[in-house]
Enquirer: 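Would you mind keeping the following structure in view while I ask a few things?
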Amino acid sequence: AQSVAQPEDQVNVAEGNPLTVKCTYSVSGNPYLFWYVQYPNRGLQFLLKYITGDNLVKGSYGFEAEFNKSQTSFHLKKPSALVSDSALYFCAVRDFTSGTYKYIFGTGTRLKVLA
Amino acid sequence: DSGVTQTPKHLITATGQRVTLRCSPRSGDLSVYWYQQSLDQGLQFLIQYYNGEERAKGNILERFSAQQFPDLHSELNLSSLELGDSALYFCASSLRTGVEETQYFGPGTRLLVL
């Protein structure tokens, strides 16, 4: 079965510094990977996805993610963090079971950007 | 704003009761997914409907059921509620059901069972 792991419950970074939120995956076949962000009392917002093609994927709000097949990773990055980036981030993989493609989500990483 | 709407935003009820959560997908989307987010279980897929028909089931309890209506809105029915059912329930929609399709999430319904 497909799975993703987010090894860090929380990441703290100073405003203006680069940030990385880690995600590793385990899949059979081609990986289809997604990042979502959840702000307090809000739903999940789509950031970016990797389906195929370039290993560096650019997404919303200045975020990007690097797909690394040899390390089975899909880390989320941003060159310069903003306080407003503070939120809960979820990595997800598409899993085809029971006749449909559903998301398998990681446990989430709370990002705290300090002013 | 994802374009997916959910009502109500908050729901407080007692054990043993039944509630209905409602979801309207983005305009044009045929597929609706329901997810449960709880502290101990994380985000879990419950059930999916596609163009009015049940497409897949995930970790959905027998006490829970859902349907999708001809206008494509969906309802999730939770009955014989238990304290452990307290959670945030999300609806998501996508155009179809392909592997690369992005799902767009609603703001969720927060359910508290007392």
Side-chain angles (χ1 to χ4, degrees), chain A residues 1-7 9 23 25 27-54 57-61 63 65 67 87-110, chain B residues 1-10 21 23-26 29-51 53-60 68 88-110:
Chain A
Q2 328 286 50
S3 66
V4 290
Q6 294 181 247
D9 289 337
C23 172
Y25 65 88
V27 303
S28 52
N30 295 322
Y32 299 94
L33 299 159
F34 296 74
W35 275 102
Y36 282 83
V37 59
Q38 185 178 24
Y39 296 100
N41 301 314
R42 302 279 296 277
L44 277 75
Q45 294 181 35
F46 169 71
L47 282 178
L48 50 81
K49 64 183 177 184
Y50 173 82
I51 303 298
T52 187
D54 287 341
V57 180
K58 294 194 182 295
S60 306
Y61 313 120
F63 283 94
F67 172 70
L88 188 56
Y89 290 80
F90 289 95
C91 181
V93 65
R94 295 304 290 271
D95 178 41
F96 187 80
T97 57
S98 305
T100 195
Y101 289 104
K102 66 178 190 292
Y103 285 130
I104 302 292
F105 283 95
T107 49
T109 298
R110 190 164 298 280
Chain B
D1 184 3
S2 66
V4 179
T5 60
Q6 289 186 249
T7 56
K9 288 185 72 172
H10 303 277
L21 313 183
C23 167
S24 292
R26 292 187 321 156
D29 283 358
L30 300 177
S31 192
V32 170
Y33 306 77
W34 285 97
Y35 290 85
Q36 180 193 58
Q37 185 180 30
S38 61
L39 284 174
D40 54 344
Q41 300 277 350
L43 258 168
Q44 299 224 352
F45 166 71
L46 295 178
I47 195 165
Q48 180 206 359
Y49 277 80
Y50 178 70
N51 205 19
E53 295 192 1
E54 182 183 303
R55 183 67 183 257
K57 275 186 171 178
N59 301 321
I60 188 166
Q68 187 180 28
L88 198 49
Y89 291 84
F90 287 111
C91 165
S93 74
S94 65
L95 185 59
R96 284 179 290 275
T97 61
V99 66
E100 58 206 63
E101 297 239 10
T102 299
Q103 294 180 19
Y104 294 90
F105 284 75
T109 293
R110 187 173 294 278

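The chains referred to below are lettered A, B, ... by the order of the sequence lines, with proteins before strands, and numbering in each begins at 1. Worth knowing before you read on, the calculation uses all heavy atoms, side chains too, and leaves out hydrogens, waters and symmetry mates. None of these values were measured; they are calculated from a predicted model.
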Enquirer: Tell me which of these, A:Tyr36, A:Tyr50, A:Phe34, has more heavy-atom pairs under 4.5 Å with chain B than the rest.
Expert: A:Tyr36
Enquirer: For B:Gln6, which atoms come within 4.5 Å of any heavy atom of chain A: side chain, backbone, both, or neither?
Expert: neither
Enquirer: If we define contacts as heavy-atom pairs under 4.5 Å, which of B:Gln44, B:Arg110, B:Glu101 has the most with chain A?
Expert: B:Glu101
Enquirer: Are there more than 12 heavy atoms of other residues, nucleotides or ligands under 6.0 Å from atom CZ of B:Arg26?
Expert: yes
Enquirer: Quick one, B:Tyr33 with A:Tyr103, criterion ring pair (Phe, Tyr, Trp, His ring centres under 6.0 Å). Give me CA distance, side-chain angles, the key distance, then yes/no.
Expert: CA-CA 10 Å; B:Tyr33 306 77; A:Tyr103 285 130; 7.4 Å; no
Enquirer: Is A:Leu44 close to chain B through its backbone or its side chain, or both, or neither, when contacts mean heavy atoms under 4.5 Å?
Expert: both
Enquirer: Quick one: what part of B:Tyr50 sits under 4.5 Å from any heavy atom of chain A, side chain, backbone, both or neither?
Expert: neither
Enquirer: Just wondering, do B:Leu43 and A:Gln38 contact through their side chains at under 4.5 Å, heavy atoms?
Expert: no
Enquirer: Of the backbone (N, CA, C, O) and the side chain (C-beta and beyond), which part of B:Thr102 lies under 4.5 Å from a heavy atom of chain A, both, or neither?
Expert: both
